[in-house]
Amino acid sequence: MNPEFIKTICPYCGTGCGLIVKVENGRIVGTYPDREHPVSRGTLCIKGWFAHEFVHHPDRLKTPLVRIGNRFEAISWDEAIPLAAEKLKATAETYGGDAVGGLCSAKCTNEENYLFQKLIRMAFKTNNVDHCARLCHAPTAAGMAQTTGSGAMTNSISDLAGADCILIIGSNAAESHPIIMGEIYKAVDKGATVIVVDPRKTAVAQNAAMHLSINPGTDIPLLAGMMRHILDAGLHDAAFIRERMEGFEELKNFLQAWTVERAAGECGIGGDTIRNVAEVYAKAKEAAIVYCMGITQHACGTANVHAVCDLAMLCGKIGRDFSGVYPLRGQNNVQGSCDMGGLPNVYPGYQGVSDPAAQEKFQQAWERDLSDKPGLTLTEMIGGAGKEIRALYIMAENPALSDPDVNHVLESLAKLDFLIVQDIFLTETAKFAHLVLPAACFAEKTGTYTNTERRFQLLRQAIEPPGEAKGDFEILCLLANGLGIDFPYIHPREVMEEIASLVPAYGGVRFDRLERAGLQWPCPDTYHSGTRFLHEHKFTRGKGLFVTPQYTPPFEKPDEAYPYYLNTGRMFAHYHTGTMTRRSPFLNRELEEPYAEIHPEDAQRAGIREGDRIRITSRRGSIVTAARISERVAKGSIFAPFHFTEARANILTNPVLDPISKIPEFKVCAVKVEKEPYENQGR
Amino acid sequence: MLQKVKDITRSILAEKQADGVLGLIRGQWNIIQPHVFDNLRQVDNLVLEPKWLLAKMAMTVLRSSPEGYRLAVIARGCDERALTELVKRNQMEKDRLLTIGIACSKEQAEICLCQRPYPEKLDAGEPVAGVDPFADETTRDLLVGDSRARMEKWARLLKRCIKCYGCRNSCPICVCIPCKLEDEVWVETGVIPAEMISYHLIRAFHLSDTCVACGACQEACPVHIPLVALQRSMREALRQVYGYEAGLDTEMRSPILYDLFKKPAAGQILPDWINSLENDNES
Amino acid sequence: MTGPGRSNNRRTEEQATPRMLVFACKWCGLIGADGAGKKRIPLPASFRVIPVECAALVEPDAVIRALASGISGVAVLGCHLGGCRFNHANHAALKRLELLKTLLDATGIGGKRLLLAFGTAHEDHQYAEVIHAFFAELKTLPSTDPWMY
Amino acid sequence: MSKVAVLLCRCFGAVDGVIDLEALRREAEEDASVVSSTSSDSLCLKEDMEKTAALIRDCGAEKVVIGGCSSLARGDAVIGGLVREGIKCSHIGLVDLREGCAWIHGDDPHVATLKAWNLVQMEIAAMRYRKASDDVTVRVCPEAMIVGAGPAGLSAACTLSRLGFRVHLLERGSSPGGMLNLISHVYPSDEKSGDKTKKYSEEVEKNPLISFYPKAKILSVRGFAGDFKVHISSSEGEKKLRVGAVILASGARVWLPYGLYRYGKLKHVITQMELERQFLRESVPIKTAVFIQCVGARNKDRPYCATMCCPSSLKNAARIRDENPDARVFILHRDIMTPGSVLEAYYRKALAKGVQFIRFQETNSPEILGDERVEGVEVFDIINGMKREIDTDLVVLSTPLVPNDDNAKLAGMLGLELDRYGFFPEIYPLHPLETRMDGVFICGSARWPVSSDQAMMQGEGAAVKAASLLGREAVSALSLSRVPGEKFGHASVRAEACTGCGNCVAVCPFEACRLQNTGRKSVSRVNKLRCKACGNCVSACPNGTIQLPEHDYRAVGAMIKQAFAEERFK
């Protein structure tokens, strides 16, 4: 009768806060913050406090479903697994292994991701494995790997509290990473200066000492302008550059072209502001750069990341306590799923597939021949659906809402020969599936998550999955056996041991070491206590590299036909495609309907009033949503959150890709706005 | 103190004074969590730290328990006061509740700026003297002095609010379902910072006569808003004007709900004929 | 109603004329308002009257809501203490709203933004006086702009 | 969403002389919930009213927003007219555009129009959330309980029984008569008080409709107008009564001035009542007597005038002179209070009979001379400005009537409050003899010290008021109203959201709320017949569970939101 309290990890953002769920009679009845958790320390955001609400939602998938005509029919696991295996095998036999693709998930545990990519790579001898990191921090992984050798947050979240200057670029941490914002406020209370670069006046910007409302997509000009001024004023850390960096001359040459005035012109702000910000940053004893989707989701996302790293390295503000570069990962385990090799070009631990040594190592360990050809990325797989890709296995992803130009995505998904979707709800994507496998949510499985500060944390099973649903771990093992691969694992613990043996940086990670507070990688052996910050004496790649960031202006600029910039993003009560949050009554109450923010002057011109229904149209499609008149957006800009299936902001977004990381340009496209006719106002 | 609490717990369970004792247990993986002790063996793992408000949990345990179930709660001063307030608001029955009062340490009292770091019914531990919250510089900064400067200070702090509802969720006395803070009439939904004036002032005012200054809200705030300071002024006003303090006694009734003809409020000048009214209507 | 409830009252800049909301009890304040109208006593225009059955019906939350919507001051006009047709109802209102003033003072918004007039505005001239005086008072108070966003 | 019709009244130029009503009308039409927006010359005129009603029916509007004059002017009349046309009172919103806008902002038509638009907008927005309270009807129990068988109670009982209602007459003592039993004559008729009581007590005895309960005590009262459940005990034991109305005629008591004028120490310092008792027993001729007025009255403790002490002194002083024409009788007074033609004549009669009047000041009150016994009185006469010594062996102190000690208890049971002195007040000067509790009426000295004939008059009045309630077959909660139109409404509770905290029970001035245990939790219940819709519970409720449907919090929120909405008449 007594309630049980189980310590676990929040399933939402990359902060990885500690939750304690209260279980009564096999049901989760409440969530409490974990007072002893190293990151959240007894606090939670709105999503965390109500994380239990979706778990027992009646919409949860309880049995495998197979498509028959236009409807789904429940089948048993005994039918589902052979069906899946047979279809995948047939596809591989007919079209070759490269016609099969797999999307693993940033929502699943490290062990599951590891198994997923292992399954795809082993069974089909292909590297067509990717996941939604492609849509958020692929540029970070690529860009930071080039500059520092390690595509992860250099420091720990708690380090932010010790910084004297925090430069936040393109992150609305207050809504997307609230607990991290708390650390920033700690620094503010100690006297730190917070500078926010964001076209929108976000909640973060409202609380900052300085807010730079730059034109969308002009991050490189701004950072280049800052670097130029730092160089001109001699504020750079010459000793650091001499000892630890390379490529300085190239950078200097590049900066020749970027006078502060030119930068200011591009950004639409004053040159003195840029000088001022540059000085504040460079002169601060400890300075941190926090960035997020505002940097990465551009067609020049990787170059943006380069520019950010260049600035930090130019001032020597990296590789020590407090100072560093803090990319904020968006999903609870997006760091982990990248680490576990859920990317088409690398094995677990970022060991390149085209690196013969790595290939050899994994071939030996897995006892199968592996492909040395980098696989297709998520965007390429979706784009090539029905062509190069004939069968797709999607584990807990929802590209029908999250990918750019979703109208096109939907068309592509419909073209697939066979689509398996493994999820906890019948998502928009699952509706296209031929086979739907019911999976377990965070409270129903054991495993590890890696949060944005590279901390492996233990997820503990609190309750059993509903109905016949199974943990992804179990499903993967079943499917592997169906495909004739031996996955002899009984517990995720064993998978973790296998990972530790294959990836040196995770060599010391064991479940029993994670019980109390988790471990931050690199952790090479079982005596190592984890690494609080990276690049202390030397960069992971040896010397740090200045990469010159090549500026590409946003692909689509407002013109006469489409006069507004569209910016997409999150809002605080919802999370990504809303699969979980919109099924949580409390969170959904906070915001039930989609909206788009528009500046009062623009609204007045278009005759739009608060709450009116408006139609936003881009070259790719249009959505109808409610207008919210707000000075948070700049004049000439529209902001729309992308959580809503009834007004998918990603119908509008532009699928133009970053050449290196293949991330689409989510943050900028051109749209037009009209008020819906009176009869459609729905009043 | 720990030993004494364990002894009392054992004797309560042995003598069947209560069917369960709510306290903290050091469980598997060294995790400390609330627990209802109902057999003597478990009592060995009982711990008292960290400070963890159990009042609301006691309420939920009593609600889902059969009739006649009696629960003992290991209660700090604030816990006891919160329980008293819950009893006053009919959220639990007084005779089904027993408390094992423990005193807080001086350090804890200083962290909480607690005026009464001990329960009225003290069973274990030495009570330490209370702290005057208004002697604390941060509190004074927020509540005393130039009002314009104070307004800016509060605005700056409250502007951080990310509307996590942690303050409400962790409050031992907030029991309403639904809550006014969830209603778009009172607090704009879907926007952060939460409307500063309405969210925080409505929350603060709803607790004006029930807040026991336990500090749970402040501890749960991810953005470090000094929420307890918001209550202090009202608590102090009620204490000075009416001699009322929340949670001391179930018989002590809130002056804004009862005895309404009595002295209205500080600073309110009444016409002199009112005086006779007060005197005549003591009953 | 679509979209989240949001107020149109938000002030974008410092306003020369304070905006005032009057909750007038039907049995006193409203009679005063009527009388002032009949006598055609000129009053500043930026106040709005919401008639209520009794001052006790004015929820403190509504006062907070009004201040949060960019209204500079709220006046509650009720009957004489002891002269309420609902027994002690206006005493209850007084005690509640006085306590609210404490909170407004503590946060620096200023308790003076809430005017409680019990029985002083049931006649036309008194009503006009109360409105004028409150306007004058509000003009001296610092703006609440830091609280608006 | 409800459909709203907006009716604007030009009031023959009184409104549209300042406010641009046409612009207002056009703007209102734009509003999504408005189905019709019209203006007319004068809504309160019969022809316009009929036209309007037809128009509302035609456009299918459920709710009406009227922009015109204030409710005190013709607003209530317009509402009344529409109610007669079949529109629910709570579905009509009145916006005061004349007194509340046009006439006070006549100097700036532009601003006034803007404000008027805001006011109309506020009401349109609020209308969306206003609902009508559910009404309940109870059968009226055609019986009355009268508390106190003094002159007021007796006359009330006889009047009611003559009107055909059953009456339960409760008396604290053992026989009817009340204070009349303590005095010998009554002023101004100088009748014997016994005669006066007699005709009533005979009727009480004979009339089968009147049950008399001597030595009665009220143990509890529950219920509401039309159906009170009273538990009493009397010499015949305990009994439960069901009555439709209660008339409170419990009277008052005499204040004894211990500590003043050495009362209680000197034998011949007596009160008016003791003098009456002497007269009742056997009249002893009195040679000299000094009456001192306002003893313990009209001072800081009891600032009121008890109204019956001056005439009583006049009565007794005159009587002493009548019985002994040589007697020297003085009345020391601060002011002689004899209002009205009858009492003024009564005063002149006493004057003519040779009663002497000396006026003193409150700050310089008379002093009793003599150590062992009364030898005289020293008084500073402010009329001729000198100190006077009056030889006398009898001093009669005129003391006021004060409330009964158990008034508070009685008030508590009936859900009444006492006034600042402890008497039972009337709800409002406009509603004499009615209390704040519907179905409870007051008369006689329980309400205010009065003479016996006034008490009887009030008794009859209260009886008639009670009869108007008892004569109804049934009452509905909304019909229990004293103002034109329907009652405002009453509070209602959403049981599923109620936390049972009891705040509403604590603050309700009428004990209309109580907690009901529904298994796991307590839930507040509102007695609709007791509820007066003051809204105190609404403000005290922590989560808005208890609401007045006519004044829903969402309506208030909407009004606040619209109060200074976008200013569009640029």
Side-chain angles (χ1 to χ4, degrees), chain B residues 142-156 158-159 180 183-191 193 195-202 204-206 208-209 229-234 236-238 241-242 255-257 260-268 270-271 273-274 277 281, chain C residues 1-7 10 56 59-71 80-84 86-114 116-120 141-149:
Chain B
L142 289 166
L143 297 177
V144 190
D146 176 50
S147 74
R148 169 90 204 181
R150 250 183 15 240
M151 174 162 70
E152 277 164 12
K153 224 170 280 171
W154 275 109
R156 205 185 62 229
L158 296 182
K159 214 180 237 179
K180 272 192 175 177
D183 198 313
E184 67 165 21
V185 171
W186 301 118
V187 183
E188 202 170 309
T189 55
V191 171
E195 266 192 303
M196 285 173 282
I197 293 182
S198 55
Y199 183 96
H200 291 280
L201 266 55
I202 288 176
F205 189 77
H206 277 206
S208 56
D209 57 341
L230 212 53
Q231 306 299 144
R232 297 235 189 253
S233 58
M234 283 185 293
E236 191 61 17
L238 288 173
V241 181
Y242 308 103
I256 60 168
L257 296 175
L260 294 165
F261 277 123
K262 280 198 187 154
K263 206 168 170 187
Q268 178 72 17
L270 292 175
W273 51 261
I274 282 285
L277 174 145
N281 288 290
Chain C
M1 178 74 199
T2 51
R6 98 205 18 267
S7 101
R10 198 158 296 143
E59 290 180 66
D61 305 341
V63 175
I64 295 169
R65 176 69 266 180
L67 293 175
S69 322
I71 285 165
H80 271 299
L81 292 170
C84 178
F86 303 111
N87 290 5
H88 57 230
N90 63 359
H91 276 261
L94 173 68
K95 281 183 150 188
R96 263 198 300 270
L97 296 173
E98 275 294 337
L99 193 60
L100 178 59
K101 279 191 183 180
T102 319
L103 179 63
L104 293 178
D105 270 331
T107 47
I109 298 169
K112 284 178 181 162
R113 293 192 182 275
L114 172 58
L116 307 177
F118 286 100
T120 47
L141 295 177
S143 103
T144 51
D145 283 353
W147 284 82
M148 304 298 153
Y149 60 92

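This is a predicted model, so every value here is computed, not measured. We name chains A, B, ... by the order of the sequence lines, and we start the count at 1 in each one.
- Rounded to the nearest 0.5 Å, atoms CZ (C:Arg96) and CD1 (B:Ile256) are 7.5 Å apart.
- Both the backbone and the side chain of C:Ala62 come within contact range of chain B, each with at least one heavy atom under 4.5 Å from a heavy atom of that chain.
- Of the listed residues (C:Leu100, C:Thr102, C:Val63), just one forms a side chain to side chain contact (heavy atoms under 4.5 Å, CB included) with B:Phe205, and that residue is C:Leu100.
- Only the side chain of B:Lys180 comes within contact range of chain C, judged by heavy atoms closer than 4.5 Å.
- Heavy-atom neighbours of B:Lys153 NZ from other residues, nucleotides or ligands within 6.0 Å: above the threshold of 12.
- B:Trp186 and C:Arg65 get closest at one heavy-atom pair: O-NH1, 2.9 Å.
- A heavy-atom distance below 4.5 Å is found between the side chains of B:His206 and C:Asp61.
- Contact of C:Leu97 with chain B is not made at all, since no heavy-atom distance falls under 4.5 Å.
- Between B:Ser198 and C:Ile64, the closest heavy-atom pair is CA-CG2, 3.6 Å.
- Looking at B:Leu142, only its backbone comes within 4.5 Å of chain C, counting heavy atoms on both sides.
- Heavy-atom distances place the backbone of B:Val185, and not its side chain, under 4.5 Å from chain C.
- Taking the side chain as every heavy atom from C-beta outward, C:Leu104 and B:Leu201 approach each other to under 4.5 Å.
- Closest approach of C:Ala106 and B:Trp154 over heavy atoms only: O-NE1, 3.5 Å.
- Summarising the geometry of C:Ile109 relative to B:Met151, their closest heavy-atom pair is CA-SD, 4.0 Å, with the distance given to 0.1 Å.
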